[in-house]
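A quick write-up on the structure given underneath.
Quick caveat, the model's predicted, so the values are computed rather than measured.
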2 protein chains.
Amino acid sequence: MSVGIRHDDLRRRNRAMVISAVRRAGQPSRTEIAATTGLSHSTISAISADLIQEGILTESKASEPTTLKRGRPQIGLALKPEAAAVLTVVLSLNFLSVAVIDYAGQVIAEEQQRLDTLVMPRDELIGECVAIVRRRLQDPDLDVGSVARIAMGIQGITDTHARAMLWSPITPLTDIPFADILEREFGIPATTENDCNMMAVALQWRDPERYRDDFIAILLSHGIGMGLVLKGALFTGTHSSGGEFGHMIHRPGGALCRCGRRGCVEAYAGNYAIWRSAMKMSEDAEPVDVGDADMRALAAKARAKDGPEREAYRRAGEALGFGLGNLFALIDPAPVAMVGVSAAAFDLIEPALREAIAQTAGGQYSKSISFDTEPNELPLIREGCAMRALTFVDQEIFAPGGQARAGLGKNVA
Amino acid sequence: MSVGIRHDDLRRRNRAMVISAVRRAGQPSRTEIAATTGLSHSTISAISADLIQEGILTESKASEPTTLKRGRPQIGLALKPEAAAVLTVVLSLNFLSVAVIDYAGQVIAEEQQRLDTLVMPRDELIGECVAIVRRRLQDPDLDVGSVARIAMGIQGITDTHARAMLWSPITPLTDIPFADILEREFGIPATTENDCNMMAVALQWRDPERYRDDFIAILLSHGIGMGLVLKGALFTGTHSSGGEFGHMIHRPGGALCRCGRRGCVEAYAGNYAIWRSAMKMSEDAEPVDVGDADMRALAAKARAKDGPEREAYRRAGEALGFGLGNLFALIDPAPVAMVGVSAAAFDLIEPALREAIAQTAGGQYSKSISFDTEPNELPLIREGCAMRALTFVDQEIFAPGGQARAGLGKNVA
DNA sequence: AGGCTTTTTTTCGAGCCCCGAAAAAAGACT
DNA sequence: AGTCTTTTTTCGGGGCTCGAAAAAAAGCCT
């Protein structure tokens, strides 16, 4: 059962709340923080004095010099960029990308690299990941001690505790405990999470208006992935990252999926499936990699005239629609973000998708469901990883439960 | 964003935790409570003294007189039955049932009634519900003032806030705000929740060993319903009670479902669907009501010899299996409880069900998924309603946030 | 320019709450 | 009857938040 609240937890939680309020609002004054948290001015004053003294926050007068109001001007509080740093690692099909991000969320260094994930042996894949991280950490401009967290976003299934990649479409390898490997190698706490979940996290930060409590991020790429936020929190499975939307069964015994099973949504809506269908290949044909450029050309052809290309997108829409409908039967409808190269072809997908949804339990709301598209998934994934890592630092390092803060926040008087 | 923790919340939460510990453990000593909550002995002592003085808890020495240990004997703490009472209302197909339950969870009065829900006009249906509740409340043995909550469990979709029935298979009527109606009528806070969700709540209390953090309760009856507990909490949709497992699409464009759509899981696995299939009727045939006795006879026939009856159960198993597989793709596998009259025929359903799951994303775990059966849903639903109402009293009335407790817990010195 | 008004921020004392240590209580054991 | 063991209560100390009041830092107005 849930444990009691000790008296000292109180300050810890309220500290975390103040930090979180600053991260969310940008440069709020103490008064604003008091308003959003519901705590009294005196409490906010005390906590923020602590945080400034510990080098976690700074005062920044430049809060809207335009607002010429009477009264004592507000002093904006901001996250101190030097308070800490985090490192993000994004591993996707044939592509590895690393970035170093300061405590305020600004990218301060990055590096990208192509690699043949599909054929690399285990040691090599791990080795490349470790090597690129090491290169970034050895950057003389970077204070290695300030790097408080490594967050990895990876295409594939991860475990609930964000320790390992369990299975991935980008490599035949399974069960790689990336988080443990990185921690052992660099002595920095690390996590490994599903890329689509990170996309969802990023959307929540980018547009909290639209993506607040309940929404769905769907990656339309080689495969189909999903990140789900319910009641404000990232939804994961009981054991794994969960949300394997792409592998819900659309047609029992149907088209061959990359995962080896038949009839999955992905076997109709993944890039390879659209391609296979447009080329009039058999539904049993082995999935092939299709480049983004080829997919864009395919979409152009489908737009130009009716034919097998257009039909392929129509079938993709149908599969996505029934899948979404089934999802809506469980969780009710919510705003959807379509991300990835095929999101740019959403105009070809949408009609059949809506028609399919209308035939499902979510159908009553079919018209009111709103879709948004974002063709570029990589920046989203990185952003999500960064925010995940930064909020961890906020909560666990700068508002710790019991044990002292490590070497960070060192600008203490 | 989540609101700050005020200083007074602390005591409130810890009070709630003590009450909850007592409800869970039965007759724990103060020391045991200190252990499970993680709070200090002195705090538990202070809080329980308050609660006893307010007439919410009582000391009950009779805690295992067998344990002859050295040292001061423990004093068991128990919920004081007279501290409050709750009333449960269970409305299902052609059946209405009400019970009054004391604060310790014992049924102290009950009443049941048949009624033709399918054909009753709106006023009459509401009227009967109000009337049966009024009769119970007018019982001279009952102190009406102690009734702190009414919890209604209803077959059908309810809204997230547990205010209204939105849609139900037991009546053509829609959008009946039962909670508001009961509150207005009796001036007692009320809720209206989905029956399968209440089943899940009850299972969690009955067997917390097996049904703790993640599990699924599926009602196999005229229709197919589901209650889902994830990460220890009841899972509901964003707008409605959600979990419309029975109306996930199993075969696009397939058999006619009671809901008017085609290919739903229920259209293969609901009692009417099994019946329709066993009688070799068309998949487009209008759903008919089948009595429990007829279903039991059907199952017996299916067990006796191979034929259309056995095939009907096989197809039901297949539909349930693909449905569960799709669910498992999203949330990972979890223990399942099959409840309702067709749960007694689970032996006929299981083989095809497991085979179907094996073809889905959850398939890897197919063997390890464990099923349990419980043919009688009514007691479960009532128990769930009772626990829901009682924990509400625990949390919101006896550990209130700010405003004083109403007239309850009146045995104050 | 100097005093007044307004708004933000800090200071201060009061009131709670939790905790640890010590004391008290209540039997069992010898 | 005295000692031991375990549970429960009591008591003092340290923290935390809060409200009120004071201080600070402007703009406004005569």
Side-chain angles (χ1 to χ4, degrees), chain A residues 3-18 21-22 25 27-53 57-77 399 401-402, chain B residues 3-18 21-22 25 27-53 57-77 399 401-402:
Chain A
V3 82
I5 304 180
R6 320 285 301 293
H7 199 217
D8 15 332
D9 285 346
L10 224 158
R11 191 50 171 269
R12 203 195 104 247
R13 294 200 193 201
N14 287 340
R15 271 175 72 103
M17 193 121 27
V18 170
V22 175
Q27 288 200 335
S29 70
R30 290 169 174 80
T31 310
E32 282 176 64
I33 298 175
T36 59
T37 59
L39 297 169
S40 72
H41 286 189
S42 25
T43 304
I44 300 301
S45 191
I47 292 177
S48 46
D50 284 359
L51 293 173
I52 290 171
Q53 203 245 339
L57 298 184
T58 29
E59 297 192 334
S60 71
K61 266 207 196 48
S63 91
E64 298 280 316
T66 49
T67 54
L68 288 180
K69 285 184 307 180
R70 266 166 98 107
R72 179 173 175 173
Q74 325 192 130
I75 307 168
L77 291 176
Chain B
V3 81
I5 304 182
R6 318 286 302 293
H7 200 214
D8 15 334
D9 285 346
L10 224 158
R11 191 49 170 273
R12 203 195 103 248
R13 294 200 193 203
N14 287 339
R15 271 174 71 102
M17 193 122 26
V18 170
V22 176
Q27 287 199 336
S29 70
R30 291 169 174 79
T31 309
E32 282 176 64
I33 298 176
T36 58
T37 59
L39 296 169
S40 73
H41 286 190
S42 28
T43 304
I44 300 300
S45 190
I47 291 176
S48 46
D50 283 358
L51 292 173
I52 290 170
Q53 204 247 339
L57 298 184
T58 29
E59 297 191 336
S60 71
K61 262 199 201 57
S63 92
E64 298 280 315
T66 50
T67 54
L68 289 179
K69 285 185 308 181
R70 266 167 98 102
R72 178 174 175 172
Q74 323 193 131
I75 307 168
L77 291 177

Output yes when at least one side-chain N/O atom of R11(A) is less than 4.0 Å from OP1 or OP2 of dT17(D), else no. yes
Euclidean distance, atom CD1 of residue I75(A) to atom P of dA23(D) [Å, nearest integer]: 18 Å
Taking 4.0 Å as the cut-off, does a side-chain nitrogen or oxygen of S45(B) come that near to OP1 or OP2 on dT9(D)? yes
OP1, OP2 of dC19(C) versus side-chain N and O of T43(B): anything below 4.0 Å? yes
Atom CZ of R70(A) and atom C1' of dT5(C): how far apart are they, to the nearest Å? 4 Å
Steps toward side chain to side chain contact (heavy atoms under 4.5 Å, CB included) verdict (E32(B), Q27(B)): CA-CA 9 Å; E32(B) 282 176 64; Q27(B) 287 199 336; over 6 Å; no
Any side-chain N or O of R72(A) below 4.0 angstrom from OP1/OP2 of dT5(C)? no
Residue mapping more 5' on DNA chain D - nearest nucleotide basis, I44(A) or S29(B): S29(B)
Compare side-chain N and O positions of N14(B) against OP1 and OP2 of dC17(C) and report whether any pair is under 4.0 Å apart. no
Closest to the side chain of S42(B), out of dC16(D), dC19(C), dG27(D), is dC19(C)
Main-chain N/O of I44(B) paired to S48(B) side chain as donor or acceptor, under 3.5 Å: yes
R15(A) CZ to dG15(D) C1': how many Å, rounded? 14 Å
Write down the distance between CG (D9(B)) and P (dC18(C)), rounded to a whole number of angstrom. 12 Å
Report yes if some heavy atom in the side chain of T43(A) is under 4.5 Å from a heavy atom in the side chain of V18(A); otherwise report no. no
Side chain S45(A), main chain H41(A), donor-acceptor under 3.5 Å: no
Salt bridge check, R13(B) against D9(A): does any charged N sit closer than 4.0 Å to a carboxylate O? no
Looking for any heavy atom pair under 4.0 Å, which part of the strands does T31(B) touch: base, sugar-phosphate only, or nothing? sugar-phosphate
Taken to the nearest whole Å, CD/Q74(B) to C1'/dA28(C) is 15 Å
Tell me whether the side-chain N/O atoms of R13(B) come closer than 4.0 Å to OP1 or OP2 in dC17(C). no
Output the rounded distance in Å from CZ (R30(B)) to C1' (dT6(D)). 14 Å
CD of E59(A) versus C1' of dA24(D): gap in Å, rounded? 13 Å
Whole Å only: how far is the CD1 atom of I33(B) from the C1' atom of dT8(D)? 12 Å
